[in-house]
Amino acid sequence: MARSFDGTDDEISFGTDPSVDNIFQAAPNTGTLAFWLKRGATGFMYLLNKFTDATDAGWQSSFRAAGGGHTLRFDHDWTTANGSWETTSAFTDTAVFTHFAVTYNGGGTGNDPVFYVNGVVDTTVELATPSGTIVADGAINLMAGESDDDIGDFNGLLGWVSFDNTIWTAAQVNRAKWWGRPGGPMLVYHPLVTEKLTNEGTATANGTATGATMASLPRVQRNY
């Protein structure tokens, strides 16, 4: 099972709390996000993020539209110039279940995120080099399915959502792909295999769903 987003105002908000705020901005500046998904349409859409379009602040994972080549993109805002990166691979097939993971160290402008697609590293393309000081995200809700100000609606299925303040190894990413989680504690874990939206991680990050309904996404072998 997973949550289905219809591309029109569906979202899950995990709130804002010191336990999930400023993961990439505060020491040790490290974090990982991971999830299984299947697109229901192509086009621009946000996935997991702590971002508002209106203030252009925070960080985001998203699919780019046709003009951007349908790549998976990760952005983090900095005070002088924002950092932006994407996968080399394009994702246009709306019938394929895919596991994605992104790791990032915000401790320096020269650090690039690492993208994993189905447990394999995908070559990172730097779209814009960050400069200045990395921006805090403490006032922004952790969101799945759209930005905190309701932009970039996701259309598709989303499950086994993870968010952590460490850089996962390739082995951990592979375990998350097959078993739903990397092993050991993490900040945020929402399998989304039932209606339950209580965080199974250590952070204060229970979910509140708007519009997103249950649907089948049979990928993980054991969801514990």
Distance, nearest 0.5 Å, that separates [atom1] of [X] from [atom2] of [Y]:
X	Y	atom1	atom2	answer
Asn155	Ser4	CG	OG	7.5 Å
Asn29	Asn22	CG	CG	10.0 Å
Ile12	Glu146	CD1	CD	11.0 Å
Thr98	Lys177	OG1	NZ	10.0 Å
Thr103	Ile167	OG1	CD1	4.5 Å
Gln60	Asp137	CD	CG	12.0 Å

Exercise. Please assess Ser62 against Phe44 for the test side-chain contact (heavy atoms from CB on, under 4.5 Å), listing each intermediate value before the final yes or no.
Key: CA-CA 7 Å; Ser62 63; Phe44 170 74; 4.0 Å; yes

Practice problem: On the 0 to 90° scale, with breaks at 30° and 60°, tag the Trp59-Phe24 ring pair as parallel, tilted or perpendicular. | Solution: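 Trp59 and Phe24: perpendicular rings.
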
Do [X] side-chain atoms and [Y] backbone N/O form a donor-acceptor pair below 3.5 Å?
X	Y	answer
Asn111	Asn105	yes
Asn165	Gly31	no
Asp149	Thr52	no
Thr88	Thr123	yes
Asn174	Gly119	no
His76	Pro130	no

If two hydrophobic side chains count as joined below 4.5 Å and joins carry through other members, does [X] share a cluster with [Y]?
X	Y	result
Leu48	Phe5	yes
Tyr189	Val193	yes
Leu187	Leu33	yes
Leu72	Val125	no
Val173	Trp160	yes

Looking at [X] and [Y], what are the two nearest heavy atoms and their distance?
X	Y	result
Ala205	Val188	CB-CG2, 3.8 Å
Gly180	Val220	N-CG1, 3.5 Å
Ala212	Ala209	O-CB, 4.3 Å
Leu157	Ala215	CD2-CB, 3.7 Å
Val20	Gly15	CG2-O, 4.3 Å

With the side chain counted from C-beta on, respond yes when [X] and [Y] share a heavy-atom pair under 4.5 Å apart, and no when they do not.
X	Y	value
Thr71	Phe115	no
Leu217	Leu192	no
Met45	Arg39	yes
Arg219	Lys38	no
Thr8	Asp153	no
Thr32	Met186	no
Thr166	Trp168	yes
Leu197	Arg3	yes

Practice problem: Check the pair Thr79 / Val135 against side-chain contact (heavy atoms from CB on, under 4.5 Å), numbers first and verdict last. | Solution: CA-CA 6 Å; Thr79 54; Val135 173; 4.3 Å; yes

Quiz item: Excluding sequence neighbours, so at least two apart, what forms ring pair (Phe, Tyr, Trp, His ring centres under 6.0 Å) with Phe35?
Solution: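 Per chain and number, Phe35 pairs via ring pair (Phe, Tyr, Trp, His ring centres under 6.0 Å) with no residue.
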
Self-check item: Residue list, ring pair (Phe, Tyr, Trp, His ring centres under 6.0 Å) with Phe97, at least two apart or on another chain
Solution: none

Quiz item: With a 6.0 Å cut-off on ring centres, are Tyr104 and Trp85 close enough?
Solution: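 Yes, the ring centres sit under 6.0 Å apart.
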
Quiz item: Can we call the ring centroids of Phe163 and Phe14 under 6.0 Å apart?
Solution: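 Centroid distance Phe163-Phe14: not below 6.0 Å, so no.
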
Ignoring hydrogens and geometry beyond distance, is a side-chain donor-acceptor pair present between [X] and [Y] at under 3.5 Å?
X	Y	result
Asp122	Ser89	yes
Ser84	Arg73	yes
Asp56	Asn82	yes

Exercise. Given side-chain contact (heavy atoms from CB on, under 4.5 Å), test Asp10 with Phe154 step by step and report yes or no.
Key: CA-CA 8 Å; Asp10 285 3; Phe154 174 59; over 6 Å; no

Quiz prompt | Candidate list Phe91, Trp36, Tyr116, test ring-ring contact (aromatic ring centres under 6.0 Å, His included), partner Phe100, passing option | solution =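 Among Phe91, Trp36, Tyr116, the one meeting ring-ring contact (aromatic ring centres under 6.0 Å, His included) with Phe100 is Phe91.
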
Exercise. Test side-chain contact (heavy atoms from CB on, under 4.5 Å) on Met1 and Thr194 and set out the steps.
Key: CA-CA 7 Å; Met1 300 297 289; Thr194 68; over 6 Å; no

Self-check item: Among Asn49, Asp148, Thr208, side chain to side chain donor-acceptor pair (under 3.5 Å) partner for Asn141
Solution: Asp148

Quiz item: Among all residues two or more places apart in sequence or in another chain, which pass the salt bridge (Lys or Arg N to Asp or Glu O under 4.0 Å) test with Asp21?
Solution: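 Residues passing salt bridge (Lys or Arg N to Asp or Glu O under 4.0 Å) with Asp21: Lys50.
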
